[in-house]
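Just so we're on the same page: letters track the sequence lines, and every chain starts at 1. If you're wondering where the values come from, they're calculated on a predicted model, not measured in any experiment.
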Amino acid sequence: MSEEKLPKQSENFSEWYNQLIQKAELADYAPVRGCMVVRPYGWALWENIQKALDGRFKETGHVNAAFPMFIPMSFLEKEKEHVEGFSPELAIVTIGGGQTLEEPLVVRPTSETIIGHMYSKWVQSYRDLPILINQWANVVRWEMRTRMFLRTLEFYWQEGHTAHETAEEAEEETLKILDLYTDFAVNEAAVPVIPGIKSEAEKFAGANRSYTIEAMMRDTKALQSGTSHNLGQNFAKAFDITYLDRNNELQYAWTTSWGVSTRFVGAIIMSHGDDQGLILPPRLAPIQIVIVPIYKNEEAKQKVMPVVKQLEKQLKQFRIKVDDRENVTPGFKFNDWELRGVPLRIEIGPRDVENNSLVVAQRDIPGKEGKLFLSMDHIADQLTTILDDFHNRLLQRATDFRDSHIHKTDNYEEFKNIVQQGWAYAYWCGNAACEAAIKDETKATTRCRPLDQEKSEGKCVYCGESAEYRTYFAKAY
RNA sequence: CGGGGUGUAGCGCAGUUGGCUAGCGCACCGUGUUUGGGACGCGGGGGUCGGCGGUUCGAGUCCGCCCACCCCGACCA
């Protein structure tokens, strides 16, 4: 429950974000720098994200397993790019049970290495492939600068790790997962994302190719919201994942990895929230509908509460909460649940009981405009439709916002202005030097080259050399 | 790691040139009146003043060291 008003998004987006997380009780600062405690409301949201993703993984033939959190230091060192990428941010355990360990143990920053090690034991023949394993886990990356959900020392995620017979199958898997992530983001979270390919500089340490779904937050910054990597044979060679193929010849397997983390909670907060607080997408919201009973005295309460209880039973198919707190006023409750982003609020007072009606307030439409005055008849069906419409409006609003802040440009001066308040969509020659110079001069990084883009003729927005594709450039989290 | 800032009740803060039993708002507990857009009265509980050491008759206040966190930078899937 919170008393003071939230800062306005337009005035201080970053404070808005930090305070909202605490006031809405999604998470709290832990006593360790850079770590967070995910509170029940935040975790319930994450659980719904998990459910939506996990179902999709299972439908596409993946299974869950669990690998250890401790990884021998030497494993990390087996893949050169991988260790170079991760060594600055490793947490390393050197003492166990009071004894200095013979070999330090790394707290996993990601599990390619230890899973690669196991796959080399499990894979002998092409008949053992593909392996399609996912794990839900926590990982640790010792970041310099942290932010709740977006970048914490420890975070929760799923990491899928697959091994395949051929390069083609691995690439197919990588793209299949990118599609799955896109479908999840759009249809569950109402977060419009742009699926694309990462530049060499931005790709995963040890991957041949990294794909991403990029989302625009309401301050126009980009957030990488999920990634899918084609690891080629890099890890197979480092960990000796070999198999006898159909011609009885020894081959290295082709592997992939992919992940979505608690960072996605940040994506939801910053894609949909407004000055009143959170707006949660109905398919993921821990509470989809809150019922606030309204009465002035005991007599009115006796009339209202039985109807509320009856309605609660009738609406079991929804994630529903009756706010029967006696110590706060309905007005307070309205603001409280709006802060927490509950999509729909049902108000039932004596007048409604008389009329067999109720009031439904929609979180995304402020004030009286958003209130629907409905009959109790067929109320569940009505609410189903209202929630679907809600989802569609959220998605539409986020998409419109994004599209109106993306600008195509072929001029570097214009480019510099665009990335101050949006994304630039510009030709880039692919040269890392241009990418680095742009980052240096504008703070904008390459986000991705969208997959649905046709090859065309253009000139790099920075150096003027010929270029075949446009790339999104933006400031990013 | 560099620059800046802050540590006093759960949160936000005040506490003057060192001086009485360390205060205020919100939150919390009890109670009564309230309740369709953030209610109010009355009565309560809660503190090793970040830590250690020093100066002093006396330290939240002055000095030294340490610790933690925040912001900016460097860094970063």
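If you check every strand for non-hydrogen atoms under 4.0 Å, K203(A) touches a base. Counting non-hydrogen atoms under 4.0 angstrom, V359(A) reaches a base of the nucleic acid. At a threshold of 4.0 angstrom between heavy atoms, the contacts of P350(A) include nucleobase atoms, whether or not backbone atoms are also involved. Among the atoms of the strands shown, none is found under 4.0 Å from any heavy atom of A300(A). Heavy atoms of E89(A) sit under 4.0 angstrom from primed sugar atoms or phosphate atoms, though from no base atom. Among the protein residues, H82(A) comes within range of no part of the nucleic acid, since none of its heavy atoms lies under 4.0 Å from any strand. Nucleic acid contact class of K371(A) (heavy atoms, under 4.0 Å, all strands): base.
Between A74(B), G38(B), G36(B), one nucleotide has an atom nearer to the side chain of M144(A) than all others, and that is A74(B). In this structure, the nucleotide among U35(B), A74(B), G37(B) sitting nearest to the side chain of K443(A) is A74(B). The nucleotide whose nearest atom lies closest to any side-chain atom of F332(A) is, among G38(B), C76(B), G36(B), G38(B).
The base of C76(B) sits with one of its N or O atoms less than 3.5 Å from a complementary donor or acceptor on the side chain of R151(A). Side chain K333(A) to base G36(B): no donor-acceptor pair is found below 3.5 Å. D336(A) contributes no side-chain N or O that forms a donor-acceptor pair with the base of G38(B) under 3.5 Å.
Using modelled atom types, one side-chain atom of D352(A) and one backbone atom of G349(A) make a donor-acceptor pair closer than 3.5 Å.
Between Y156(A) and W43(A), a ring centre-to-centre spacing shorter than 6.0 Å is recorded.
For the ring pair (Phe, Tyr, Trp, His ring centres under 6.0 Å) test with H117(A), the passing option among F75(A), F239(A), F235(A) is F75(A); the others fail.
With a cut-off of 3.5 Å on both pairing distances, the Watson-Crick and G-U wobble pairs of RNA chain B assemble into stems of 3 or more at B:1-7 with B:67-73, B:10-13 with B:23-26, B:28-33 with B:39-44, B:50-54 with B:62-66.
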